[in-house]
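Structure, as structure tokens:
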Number of protein chains: 2
Amino acid sequence: MVSRKTKYAINALVYLARESKDGQPIQISCIAEKEHIPRKFLEAILLQLRNAGMLNSRKGKLGGYSLQKSPEEINIADVMRLFDGPIALLPCVAYKYYKRCDECVDEGTCGIRAVFSEVRTETVRMLKNATLAEVLRRSEGLKEISLVKTKNKKK
Amino acid sequence: MVSRKTKYAINALVYLARESKDGQPIQISCIAEKEHIPRKFLEAILLQLRNAGMLNSRKGKLGGYSLQKSPEEINIADVMRLFDGPIALLPCVAYKYYKRCDECVDEGTCGIRAVFSEVRTETVRMLKNATLAEVLRRSEGLKEISLVKTKNKKK
DNA sequence: ATAATTCCTATCAATTTAGTAGGAGTTAAA
DNA sequence: TTTAACTCCTACTAAATTGATAGGAATTAT
């Protein structure tokens with residue numbers, strides 16, 4: 001499972017991608033309220049996203065956060081890695097956090113490893129494609145579908 | 001990441017599938033030694049696998065564990081669910097452990113959910129296909145490849 | 001009987017998670 | 001130039017989870 005931190009981070013980023021088209025900074029407390037995230041907790045999360053180069057911040061009155069990169073350039077894989085570490089389910093198939101399995105006898109002929117390697121490759125591919133822009137597109141698509149459904153019900 | 005418990009469980013099951021063709025029980029201490037798993041810890045793991053219907057046990061002298069189902073019928077997805085719970089990365093896309101996201105406004109139009117739903121579907125598909133028999137087949141395949149490689153090196 | 005095994009309950013230390021608290025530093029505007 | 005509204009930063013904490021260990025009861029082949 002993804003941690004709450006990661007989930008909050010993704011929600012905050014999607015919120016920023018949707019609400020701040022002009023690049024105007026949006027305040028922590030605003031995001032916290034709209035996305036139901038504890039304010040102080042979100043504070044730390046946004047700071048980390050800024051330090052990772054995904055967000056810009058402006059201090060002082062009228063300060064806040066805005067996207068540093070375009071919504072096409074920010075993807076869920078990177079956010080997950082930032083907060084939860086490796087996406088791989090075994091250390092020995094991780095890409096950016098590789099570590100040998102302590103108890104493993106021969107990594108090269110490990111059938112379990114082969115399975116988890118495939119899972120990792122596919123998962124990373126999907127999560128890399130899941131940019132903020134893509135998430136918004138999907139959300140729009142789903143809204144249309146639900147609109148059609150309610151229309152049909154009224155008939 | 002998968003827990004150590006799950007990793008140990010998979011290794012123990014693969015060991016049993018490979019070494020106990022005749023269905024003769026194999027002792028905890030034997031598996032523990034060969035697979036580098038703390039004995040007492042493995043004890044609890046095997047018990048849980050038995051209670052889940054994957055293993056048979058025989059008590060007393062010459063007792064031990066054997067597979068209850070065929071290696072084609074035991075898959076990694078089920079083992080992971082047994083020890084680590086849901087395979088899904090978000091509670092709201094879990095199949096056997098579904099739970100609404102506390103902070104979610106509208107599940108039906110959530111773009112994030114759509115992404116993680118796809119990831120879950122693909123992951124479960126791969127892990128369901130990863131039966132003990134399949135893991136052994138892959139392992140054999142890898143052994144052949146590494147044999148060819150060493151042959152070529154010698155030339 | 002006894003030796004070797006599984007079965008079962010309880011306990012524990014370390015780590016991770018999901019926050020909270022308090023205040024220093026910065027900036028726009030009155 | 002004061003002040004209100006922000007971000008930035010460090011430290012702390014309670015609860016849950018993980019990865020075990022300890023000790024002995026129950027069972028079975030010899």
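Quantities reported herein were computed from a predicted structural model and do not represent experimental measurements. Each chain gets a letter, A, B and so on, in the order its sequence line appears, and its residues count up from 1.
Evaluation of the side-chain hydrogen bond (donor to acceptor under 3.5 Å, both in side chains) test over residues 31-44 of chain B, restricted to residues two or more places apart or in two chains, returns B/Arg39-B/Glu43. Among residue pairs with one or both ends in residues 106-151 of chain A, none qualify as ring-ring contact (aromatic ring centres under 6.0 Å, His included); sequence neighbours excluded. Among pairs with a residue in residues 128-144 of chain A, those fulfilling side-chain hydrogen bond (donor to acceptor under 3.5 Å, both in side chains) read A/Asp78-A/Lys128, A/Glu134-A/Arg137, A/Glu134-A/Arg138, A/Arg138-B/Glu118, at least two apart in sequence or across chains.
By the side-chain contact (heavy atoms from CB on, under 4.5 Å) test, B/Gln24 is found to be paired with B/Asp22, residues two or more places apart in sequence or in another chain being considered. For B/Asp106, the side-chain contact (heavy atoms from CB on, under 4.5 Å) partners are B/Thr109, not counting sequence neighbours.
Taking atom CZ of A/Arg58 as the reference point, atom P of D/dC6 lies 12 Å away to the nearest angstrom. At whole-Å resolution of the value, CG in A/Leu42 and P in C/dT20 are 12 Å apart.
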What side-chain donor-acceptor pairs closer than 3.5 Å can you find for residues 49-67 of chain B, not counting sequence neighbours?
from	atom 1	to	atom 2	distance (Å)
B/Asn51	ND2	B/Leu47	O	3.4
B/Arg58	NH2	B/Leu62	O	3.2

Name each donor-acceptor pair under 3.5 Å that joins a side chain in residues 92-104 of chain A to protein atoms two or more places apart or in another chain, with its distance.
from	atom 1	to	atom 2	distance (Å)
A/Tyr97	OH	A/Arg81	O	3.1
A/Tyr98	OH	A/Glu107	OE1	3.2
A/Tyr98	OH	A/Glu107	OE2	2.9
A/Lys99	NZ	A/Asp102	OD1	3.3
A/Arg100	NH2	A/Cys104	O	3.4
A/Asp102	OD2	B/Arg4	NH2	2.7

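Here the side chains of B/Leu127 and B/Ile87 are in contact, with some heavy-atom distance below 4.5 Å.
Cluster annotation: A/Leu132 is connected to A/Val2 through the hydrophobic network of ILVMFWY side chains, with a link wherever side-chain heavy atoms come within less than 4.5 Å. A continuous path of Ile, Leu, Val, Met, Phe, Trp and Tyr side chains, each step under 4.5 Å between heavy atoms, connects B/Leu16 with B/Val79, placing both in one hydrophobic cluster. A single hydrophobic cluster is not seen to contain both B/Leu89 and B/Met1; linkage of ILVMFWY side chains at heavy-atom distances under 4.5 Å, directly or through other members, places them apart. Side-chain heavy atoms closer than 4.5 Å link hydrophobic residues (I, L, V, M, F, W, Y) into clusters, and following such links, even through other members, never connects A/Ile76 to A/Leu142. Cluster membership check: B/Val14 shares its hydrophobic cluster with B/Phe83, using side-chain heavy-atom separations under 4.5 Å among Ile, Leu, Val, Met, Phe, Trp and Tyr.
Proximity of a side-chain donor or acceptor of B/Thr123 to a complementary backbone N or O of B/Val119 within less than 3.5 Å is detected.
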* Structure fact -> Each nucleotide of nucleotides 14-27 of chain D classed B (base within 4.0 Å of a protein heavy atom), S (only sugar-phosphate) or -, in 5' to 3' order, makes -----SBBBBB--B
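Residues of residues 20-36 of chain B that place a heavy atom closer than 4.0 Å to DNA chain C, in numerical order, are B/Gln27, B/Ile28. Contacts between residues 48-57 of chain A and DNA chain C, defined by a heavy-atom separation below 4.0 Å, involve no residue at all. Residues from residues 90-104 of chain A that place a heavy atom under 4.0 Å from any atom of DNA chain D: there are none.
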* Please step through side-chain contact (heavy atoms from CB on, under 4.5 Å) for the pair A/Val115 and B/Met126, ending with a clear verdict. => CA-CA 8 Å; A/Val115 168; B/Met126 289 184 275; 5.9 Å; no
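Between its two ends, the helix from C/dA1-D/dT30 to C/dA30-D/dT1 turns its axis by 10°, counting five pairs per end and rounding to 10 degrees.
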